[in-house]
**Student:** 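Before I ask anything, here is the structure I am working with.
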Number of protein chains: 2
Amino acid sequence: MVTVGIKEVARRAGVSPGTVSNVLNRPERVAPATRTRVEEAIRDLGFVRNGSASTLRAGQSRAIGLVVLDVGNPFFVAVARGVEDVVSDRDHAVILCNSGESPAKQARNLRVLAEQRVRGVLITPVDDDTSVLRRLRDRGVAVVYVDHPASGDVCSVAVDDVAGGDLATSHLLAGGARRLAFVSGPPAIRQCSDRRRGALRALETAGLPADALTDIVVPEMNAHGGRLAAETLLSDGLPDAVFCANDLLALGVLRALSQAGVQVPRDVALIGYDDIEFSSAAAVPLSSIRQPMYQLGKLATELLLEECDDPAGHAHQQIMFQPELVVRESSSP
Amino acid sequence: MVTVGIKEVARRAGVSPGTVSNVLNRPERVAPATRTRVEEAIRDLGFVRNGSASTLRAGQSRAIGLVVLDVGNPFFVAVARGVEDVVSDRDHAVILCNSGESPAKQARNLRVLAEQRVRGVLITPVDDDTSVLRRLRDRGVAVVYVDHPASGDVCSVAVDDVAGGDLATSHLLAGGARRLAFVSGPPAIRQCSDRRRGALRALETAGLPADALTDIVVPEMNAHGGRLAAETLLSDGLPDAVFCANDLLALGVLRALSQAGVQVPRDVALIGYDDIEFSSAAAVPLSSIRQPMYQLGKLATELLLEECDDPAGHAHQQIMFQPELVVRESSSP
DNA sequence: CGAAATCATTAAAACGTGTCAATCGGCATC
DNA sequence: GATGCCGATTGACACGTTTTAATGATTTCG
């Protein structure tokens, strides 16, 4: 393993290591003639900068961390795309981490990111325990919440989940449903509890009691969780309508119900959340709540980089998008 | 930004920096009493080790790179899961990169990984240009091909795509189809060309001419590409059956055809590739070719780490899995 | 009881880059 | 022709960790 470093390049180009460094970092400071000479040497020797050394010296790396709940969820994939597009313009890198909805994995990921001295972290937190994040910020790492509202001292980009829950539920109620089920992951996940609160608000607006809504909590917010929920639905008796906290759950529910001979929407109405691409292509096209996923990632990254570039003059912002109801066959009588 | 380093921990614990390093890396070498003292100091000061410094000193980091064609494709998400599970046991990290089927992005990603001095790289190459990879290996970075067969001097884990293409096509032919269309991305992508070769083999076996297969090439192997392909199908006249190089394409084709009033499988049979979870939940459940996605990632990672740990005694292996036909409604008359 | 051996700890030298004060050379001004 | 000035380049040090050879402390054995 031959390690060609900055000083070999320097020797080859007949300059000092300092000049090579300048070519890499502030090309404008070095005379055009020597610059091309150095660039040739770099090409000839196949030199690639040692990121560790550069990070060590500079005190921070040219990477940001993105911690999401589930890389298997197209929602977060779309968010990641937004992040990637902004970041690659500034030739930074994204370290994508998956917390799998587990606080332990989230903590492990954050430790790795802290070790890597990332400039900043975009995170969809697993729960409301902000202590880990606070420690990160104390260490000088900028943090922006993604899909999670925050209070004054930190930036956040989110979508109004209470409004979304209300939208979905009001739509189901307008369709004539009276007994509802809410399928979601652990209530510690804010998206779940907020969407539930929205559902309850809709019930109240409609003059219905809160116990018209039955909670079904499953451990994982994916298709498998959805199938588990369907088992409960089938054994406990079907409600008029089912509201799932995301589309993966809804697809799982839909699948399991169909296999059991239950027809959607005839026997039970169904609505999901996120409006991922697959929802419209499902066996029964899925009604859902649309969110600006790509925008979420994009804007969050812009806020993060702004804070990194000017920590002092940066004013924290909390952005809140509004979700949108998308009606398809699964909830139309 | 306060930087608490190893030497502050040392001072607090009343030992030398070297001892703190030993506690971190070879705890067995330090006496239990001092070890706990150091561990307390670490906790008290909230010390986290500077990964750059340790990477710089060690010459390589404790991370591996994974470069995939499309993070939006559930196939690669499943592969990534396999990788992640193996790697996190050895407490290494995975840097996940998306080449988006573009050689330029792939090259950029590899540069970043080289800068980070990753121990090894798992990659599904965009094309057959191995020069970049060869340079990486010359620099001492282990490389394993994922979902891409290789020749003797490098490890690879792949699935027999020719066999898969044959399986899919033979199945369509057995269903009575005579005129076929093959929808895929650019033929430079090996998965596409191999599956096509398998399709041609099946035609030959059945005694049909090669021009019974019409190629439809789209720029992106996702649902959008599928919709583009469907436009071509509709304007050029429908074949008896359509074989798509992956399920995302097939879902897009299915969707667009349905919207145009074409019924699957009555008007045209359809089969995809990969057997991603959504395929079975589609409007018309999709026939497909199943691949051991998780196993692919898992085994590739094991080979990679084996090579990293013992570069000299390592014998390169080329693993080839066999795919499996999954028949569902989209191809059953 | 002294010497040897074992064990725990330390001091100092790297790793490759970025930074900054210092130097050099060329040029214009007086 | 001396002086000052400015841009280009240099040299040396620092970043935080790991590692190795050496030191100090303690035990074992003759």
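Within every chain, numbering begins at 1; the chains are lettered A, B, ... in the order of the sequence lines, protein sequences first and strands thereafter. For clarity, every value in this text was computed on a predicted model and none was experimentally measured. Note: hydrogens, waters and symmetry copies are ignored here, and every other heavy atom, side chains too, is used.
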**Student:** Suppose the criterion is ring-ring contact (aromatic ring centres under 6.0 Å, His included): which pairs have a residue in residues 127-147 of chain B, not counting sequence neighbours?
**Tutor:**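 Sorted result for residues 127-147 of chain B: B:Tyr145-B:His148.
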**Student:** Where does the chain B footprint on DNA chain D start and end, counting 5' to 3' with a 4.0 Å heavy-atom cut-off?
**Tutor:**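 So the outermost contacting nucleotides come out as D:dG16 to D:dT19.
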**Student:** Got a sec, which residues hit side chain to side chain contact (heavy atoms under 4.5 Å, CB included) with B:Pro27, two or more places apart in sequence or on another chain?
**Tutor:**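 By the side chain to side chain contact (heavy atoms under 4.5 Å, CB included) rule, B:Pro27 matches B:Arg35.
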**Student:** Where is the tightest heavy-atom contact between A:Asn109 and A:Asn98, given as atom of each residue plus distance?
**Tutor:**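 Shortest heavy-atom separation between A:Asn109 and A:Asn98 comes out as ND2-O, 3.0 Å.
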**Student:** State whether A:Asp309 and A:Arg119 are salt-bridged, where the test is any N-O pair (Lys NZ or Arg NE/NH1/NH2 against Asp/Glu carboxylate O) under 4.0 Å.
**Tutor:**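 Counted as a salt bridge, because a side-chain N and a carboxylate O are separated by less than 4.0 Å.
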**Student:** According to the ring-ring contact (aromatic ring centres under 6.0 Å, His included) rule, which pairs have a member within residues 26-45 of chain B, sequence neighbours left out?
**Tutor:**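 Matches after skipping sequence neighbours: none remain.
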**Student:** Decide, yes or no, whether a salt bridge links A:Asp129 with A:Arg134 under the criterion of side-chain N to carboxylate O below 4.0 Å.
**Tutor:**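 No, A:Asp129 and A:Arg134 are not salt-bridged.
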**Student:** Under the ring-ring contact (aromatic ring centres under 6.0 Å, His included) rule, what pairs show up with a residue in residues 37-61 of chain A, not counting sequence neighbours?
**Tutor:**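 For residues 37-61 of chain A, and leaving out neighbouring residues, there are no ring-ring contact (aromatic ring centres under 6.0 Å, His included) pairs at all.
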**Student:** Could you encode protein contacts along nucleotides 4-20 of chain C as a string, one character per nucleotide from 5' to 3', using B for base contact, S for sugar-phosphate-only contact and - for no contact, with a heavy-atom cut-off of under 4.0 Å?
**Tutor:** ----SSB--BBBBBBB-
